[in-house]
Trainee: 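Sharing a structure with you now.
Chain naming here is simple, since letters A, B, ... match the order of the sequence lines and numbering starts at 1 in each.
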Protein chains: 2
Amino acid sequence: MGSSAGGTNGTGDTEGGQDVRERHVTGSLAHRVPDLGALELLLAVARLGSLGGAARELGITQPAASSRVRSMERQLGVALVDRSPRGSRLTDAGALVTDWARRIVEAAEAFDAGAQALRDRRDSRLRVAASMTIAEYLLPGWLVALRSQLPDTAVSLLAGNSTAVAERLLAGEADLGFVEGVSVPTGLDSAVIAHDRLIVVAAPGHPWTRRRRPIEAAELAATPLILREKGSGTRQVLDAALGGLARPLIELSSTTAVKAAAVSGAGPSVLSELAVGEELSTRRLVSVPVADVALARDLRAVWPTGHRPTGPARRLLSLTRA
Amino acid sequence: MGSSAGGTNGTGDTEGGQDVRERHVTGSLAHRVPDLGALELLLAVARLGSLGGAARELGITQPAASSRVRSMERQLGVALVDRSPRGSRLTDAGALVTDWARRIVEAAEAFDAGAQALRDRRDSRLRVAASMTIAEYLLPGWLVALRSQLPDTAVSLLAGNSTAVAERLLAGEADLGFVEGVSVPTGLDSAVIAHDRLIVVAAPGHPWTRRRRPIEAAELAATPLILREKGSGTRQVLDAALGGLARPLIELSSTTAVKAAAVSGAGPSVLSELAVGEELSTRRLVSVPVADVALARDLRAVWPTGHRPTGPARRLLSLTRA
DNA sequence: TGCTGCCCATAACCCCAGCTTATGCCCTCA
DNA sequence: TGAGGGCATAAGCTGGGGTTATGGGCAGCA
């Protein structure tokens, strides 16, 4: 590395003497991270090896691309591309930054696919109904993949609980559904597409995170927990596993609120492993081993009995089987 | 939900009769996805239950927040918050969108943590040297976590291959290193922090993706593959596993380039599972089972023999042991 | 019942980031 | 040696996002 970071190539440094470098300013991410357009531009430069080429691909002019990359470099304080009269290549640091940028762009693509499905309610070629956990954590990725296979298929998404999903399907208002939980609503055929486990989590420092031995079912049932409201898929599985005994410390109506409460140390909680992956890997939450309790559940694709999915629905279904 | 989507409420529609609704316009993500500032604002609204409160937290005025949320709703075509004279709550669709937004913001936080480490080269309290794969895929997450524990510790990052990492550590220019690969450079102590496997991947449709039986080592060695250049950690492991026989179809100098080539169907490749997680789950690449080949490798933290990490280095080390 | 406080919306104005067009220099290659 | 691709700089325009100022609903309380 180090090849270019310091500005050893005196191409253009117009900013001259100003090294005021505001440190430690908590300028709210948006001020420290380039916007999506700039990140897309960077990815295009990486792929095409030229600023002008990237500009053409994005439908802007070459000077616009040039200045935008430059201001991104100023913002980050790192040289990203080596410009030469016959093209531009990423510096080592630039390659790294580009990889990190790609994550943001991919998350944005998932967001876009999801948002688009949420908007196009009727008149879509593929109408999907999904339970919350699946709609939150899995569907956007599937939709991105689906779009790459069927770019012209408009998808609509309705999110609700299992019974709502079943109603839509049976009323002919949805082509394919996804539910989590133990049982399949009557009138529907299903295929298991993935498995999910509920796990017990607590903020770092909680006594349970220091235990040697796993929690027993009885102890879990006896401890007040931060939980989703009754009726949620997560709560149903937990209640079933404990024999209807889960004691709520607080009941909240969204997974997000539950996570926030758990992270802030309000108490232990039980959540889908899909929901807490990020929190676990960054140590904002710690998983507590449990013994003796069946917290696994299947994630299923469902459709009206007899109406085996065809067309785009079939395509989507085939994407979901990892 | 559907309360406002269709534009039935004529609040501000200055564009009047134009329902031209540009469909299918590939307006480059950035035009379809709200910018980071707007997403942060949405998260704040979700957390605080009020537009004004969110505005205060972000250091902007209430009208600014109000208008920004409104324009986000217009952009997405979906009502996100239910405004009432005593606060604002997310709609169902808003809750979903907020969850998707959170992914983007988290990716941005990782980007920011990484970029900041890349910028602060010297004069940092914790100097980390890491091999490319780790710097790309794992370090940013660790840095986010570290920052939540030690907000005032400036971290610097140098990315290079294993020998470069070792040099820095031995020269006293780095406090903690991370390497992938089979052997530990001499003069360094190490601890295994995770495991990684190289996997064989191909674009969907490639003959190998239809096979029933795993690929044999001999077949893998006989087939031209898309590979990183000689000397990269990935290549070393593969060569060792095959007995130095890997045949390159193309040699490329970055993981990203290799992935792009593989996705475009140029041929099969061998890559770290860390690198292709996203591609696998969205089916841009398919994993091909292999028999008979030892493609596992350890990811290790390393430090100069005897100089057991202390202070921030120790803290970071403890974060990395999942 | 009216007062006070919190919440949100609208209006008018301002500023700068990012775009465009126009131009020039550098390098390579036929 | 001229043509063409690639990059940089300069000058001017536009709009999104910010600000201040103001007004209207709904709760709670004297």
Trainee: Under 4.0 Å: is that the gap between some side-chain N or O of B/Ser66 and OP1 or OP2 of C/dA9?
Mentor: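 For C/dA9, OP1/OP2 do have a side-chain N/O of B/Ser66 under 4.0 Å.
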Trainee: Would you mind reading off the distance between A/Leu48 atom CG and D/dG6 atom P, rounded to a whole angstrom?
Mentor: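 Spelled out: CG on A/Leu48 to P on D/dG6 is 10 Å.
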Trainee: Whole Å only: how far is the CG atom of A/Leu42 from the C1' atom of C/dG18?
Mentor: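 It works out to 17 Å between those atoms.
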Trainee: Check this for me: does any side-chain nitrogen of one of A/Arg32 and B/Asp112 sit under 4.0 Å from a carboxylate oxygen of the other?
Mentor: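 Salt bridge present between A/Arg32 and B/Asp112.
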Trainee: Please determine if a side-chain N or O atom of A/Arg83 lies less than 4.0 Å away from the OP1 or OP2 oxygen of D/dA8.
Mentor: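 Checking A/Arg83 against D/dA8: at least one side-chain N or O falls below 4.0 Å of OP1 or OP2.
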Trainee: Strictly below 4.0 Å, N to O, side chains only: are B/Glu57 and B/Arg47 in salt-bridge contact?
Mentor: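 So B/Glu57 pairs with B/Arg47 through a salt bridge.
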Trainee: Between B/Glu279 and B/Lys259, does any NZ, NE, NH1 or NH2 come within less than 4.0 Å of an OD or OE carboxylate oxygen?
Mentor: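 Salt bridge present between B/Lys259 and B/Glu279.
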Trainee: Output the distance between atom CG (B/Leu29) and atom CG (A/Leu58), rounded to the nearest 0.5 Å.
Mentor: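 Those atoms lie 10.5 Å apart.
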Trainee: Nearest-Å distance, CD (A/Gln75) to P (C/dA17)?
Mentor: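 Distance, rounded to whole Å: 11 Å.
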Trainee: In terms of the nearest nucleotide of DNA chain C, which residue is placed more toward the 5' end: A/Ala65 or B/Gly52?
Mentor: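 Here B/Gly52 is the residue nearer the 5' end.
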Trainee: Measure across A/Gln75 and B/Arg119 and return the closest heavy-atom pair with its distance rounded to 0.1 Å.
Mentor: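 Closest approach of A/Gln75 to B/Arg119, heavy atoms only: O-NH1, 3.6 Å.
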Trainee: It should be established whether B/Arg68 places a side-chain nitrogen or oxygen under 4.0 Å from OP1 or OP2 of nucleotide D/dG18.
Mentor: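 It does, given that an N or O in the side chain of B/Arg68 lies less than 4.0 Å from OP1 or OP2 of D/dG18.
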Trainee: Between C1' on D/dG16 and NE2 on A/His31, what's the gap in Å once rounded to a whole number?
Mentor: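 That distance rounds to 13 Å.
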Trainee: Which of the following nucleotides, D/dG6, C/dC26, D/dG18, is nearest to the side chain of A/Ser50?
Mentor: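 So the nucleotide nearest the side chain must be D/dG6.
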Trainee: If the cut-off is 4.0 Å, is B/Thr61 near the phosphate of D/dT19, judged by side-chain N/O to OP1 or OP2?
Mentor: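 Result: yes.
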Trainee: How long is the line joining CZ of B/Arg89 and C1' of C/dC8, in whole Å?
Mentor: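 Going from B/Arg89 (CZ) to C/dC8 (C1'), I get 17 Å.
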Trainee: Reckon A/Ser84 touches a base, only the sugar-phosphate, or nothing at all at heavy-atom distances under 4.0 Å?
Mentor: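 Answer is sugar-phosphate: A/Ser84 comes under 4.0 Å of backbone atoms only.
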Trainee: State which of C/dA9, D/dA27, C/dT20 makes the closest approach to the side chain of A/Ile60.
Mentor: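 The nucleotide sitting nearest to the side chain is C/dT20.
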Trainee: Specify the separation, in whole Å, of atom CZ of B/Arg86 and atom C1' of D/dA27.
Mentor: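 Rounding to the nearest Å, CZ of B/Arg86 and C1' of D/dA27 are 8 Å apart.
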Trainee: From C/dA9, C/dC19, D/dG6, pick the nucleotide closest to the side chain of A/Arg56?
Mentor: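 When the side chain of A/Arg56 is considered, D/dG6 is the closest of C/dA9, C/dC19, D/dG6.
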Trainee: Using the side-chain heavy atoms of A/Ser71, tell me which of these nucleotides is nearest: C/dT20, C/dG18, D/dC7.
Mentor: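 Output: C/dG18.
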Trainee: Return the nearest nucleotide to the side chain of A/Gln62; candidates are C/dC19, D/dA8, D/dA21.
Mentor: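 Closest nucleotide among those given: D/dA8.
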Trainee: Judged by atom type as modelled, is there a donor-acceptor pair below 3.5 Å linking the side chain of A/Arg83 to the main-chain atoms of A/Val81?
Mentor: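 Pair found, side chain donor or acceptor close to backbone of A/Val81.
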Trainee: Take atom CG of B/Asp82 and atom P of C/dC7, then tell me their distance rounded to the nearest Å.
Mentor: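 Atom CG in B/Asp82 sits about 17 Å away from atom P in C/dC7.
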Trainee: Just compare D/dG17, C/dC19, C/dT10 and give me whichever is closest to any side-chain atom of A/Ala64.
Mentor: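 When the side chain of A/Ala64 is considered, C/dC19 is the closest of D/dG17, C/dC19, C/dT10.
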Trainee: Output the rounded distance in Å from CE (A/Met72) to P (C/dA17).
Mentor: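 So the two atoms are 15 Å apart, to the nearest Å.
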Trainee: Where the side chain of B/Arg70 is concerned, which of C/dA9, D/dA27, C/dC27 is the nearest nucleotide?
Mentor: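 Nearest listed nucleotide: C/dA9.
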